[in-house]
Amino acid sequence: MTNPDPDTDMAQARLRVRIGEASSALLRLDEAAPGTAGALVALVQVIADEAARTPRFARALAGALSVTADASAPTPAPAPATRPAAARTSARRSRRAPGAFDPFVVFRESGEATLRERLSTLGVEQLKDIIAEHAMDYDKLAMRWRTPSKLQDRIVERVKALTTKGDAFR
């Protein structure tokens with residue numbers, strides 16, 4: 001039995017550490033968005049299996065990902081698994097509360113007039129909660145607005161646009 005190269009052992013150890021970090025990140029993702037982590041794992045597994053089986057695909061994949069010959073190339077540092085208590089609480093405070101209701105459901109079930117009526121009963125912060133929850137601040141302006149009518153118009157505009165998206169193909 002030959003003595004393995006120490007550089008190869010170190011590269012494999014680094015790879016195992018990175019795989020463990022990715023595993024931890026996937027577990028956190030599964031807690032935040034159930035099902036997403038499983039789909040991501042399945043995708044990576046299919047790609048890795050095909051790359052292991054087909055050298056041509058492996059080369060194309062390496063080229064597309066700009067992989068260097070050195071497997072220990074610097075990569076972005078992973079997020080720490082645990083943060084200090086002060087950082088945890090401040091991060092939670094910066095997150096917005098969930099929206100008062102789902103505007104897509106109201107629009108689908110009752111139409112635009114009812115959606116506008118329900119939105120008119122909400123305050124500025126509650127409207128911003130809906131915008132944040134449904135990622136409706138595409139231009140990074142809405143969260144700065146203080147006028148309820150502008151925020152209501154943004155919500156109605158995005159709900160209508162996203163609800164009717166693809167209607168030409170139906």
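Computed from heavy atoms alone, side chains included, the values below leave out hydrogens, waters and symmetry copies.
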- Query: What pair of heavy atoms forms the shortest contact from Pro98 to Asp129, and how long is it?
  - Reply: O-CB, 4.1 Å
- Message: Given 3.5 Å as the limit, does a donor-acceptor pair link the side chain of Asp137 with the main chain of Ala132, or not?
- Response: no
- Message: Go through it in stages, so that I can follow the logic: the residues are Leu119 and Phe101, the test is side chain to side chain contact (heavy atoms under 4.5 Å, CB included), and I'd like the CA-CA distance, side-chain angles, deciding distance and then a yes or no.
- Response: CA-CA 9 Å; Leu119 290 172; Phe101 60 88; 3.7 Å; yes
- Task: Check the pair Met136 / Glu157 against side chain to side chain contact (heavy atoms under 4.5 Å, CB included), numbers first and verdict last.
- Result: CA-CA 9 Å; Met136 296 178 177; Glu157 168 216 335; over 6 Å; no
- Message: Please determine whether a side-chain nitrogen of the Lys or Arg among Arg158 and Asp153 lies less than 4.0 Å from a carboxylate oxygen of the Asp or Glu.
- Response: no
- Looking at residues at least two apart in the chain, or sitting in another chain, which of them share a ring-ring contact (aromatic ring centres under 6.0 Å, His included) with Phe104? His134
- Hey, mind stepping through Thr147 and Leu151 against side chain to side chain contact (heavy atoms under 4.5 Å, CB included) and telling me if it holds? CA-CA 7 Å; Thr147 311; Leu151 294 166; over 6 Å; no
- Task: For Leu122 and Ala100, work out which heavy atoms get closest and say how close.
- Result: CD2-CB, 3.9 Å
- Query: So, do Leu115 and Ser110 sit near enough that their side-chain heavy atoms are less than 4.5 Å apart?
  - Reply: no
- Query: What is the distance from atom CD1 of Ile130 to atom CZ of Arg96, rounded to the nearest 0.5 Å?
  - Reply: 10.5 Å
- In sequence, state the C-alpha distance, the side-chain angles, and the governing distance for Leu127 and Trp145, and then conclude on side chain to side chain contact (heavy atoms under 4.5 Å, CB included). CA-CA 10 Å; Leu127 293 168; Trp145 296 340; over 6 Å; no
- Query: Sub-3.5 Å donor-acceptor pair from the side chain of Gln126 to the main-chain atoms of Gly123, do we have one?
  - Reply: yes
- Query: Looking at residues at least two apart in the chain, or sitting in another chain, which of them share a side-chain hydrogen bond (donor to acceptor under 3.5 Å, both in side chains) with Glu50?
  - Reply: Arg53, Thr54
- Query: Roughly how far, to the nearest 0.5 Å, is the CD1 atom of Ile131 from the CD1 atom of Ile155?
  - Reply: 4.5 Å
- Item | Criterion side-chain contact (heavy atoms from CB on, under 4.5 Å) against Leu43, the qualifying member of Val46, Val41, Ile47 | Ile47
- Answer yes or no on whether Arg154 is positioned over the face of Tyr138, meaning its NZ or CZ is under 6.0 Å from the six-membered ring centre and within 45° of the axis. yes
- Note on the structure: Hits for salt bridge (Lys or Arg N to Asp or Glu O under 4.0 Å) against Glu112, two or more places apart or cross-chain, chain-then-number order -> Arg116, Lys160
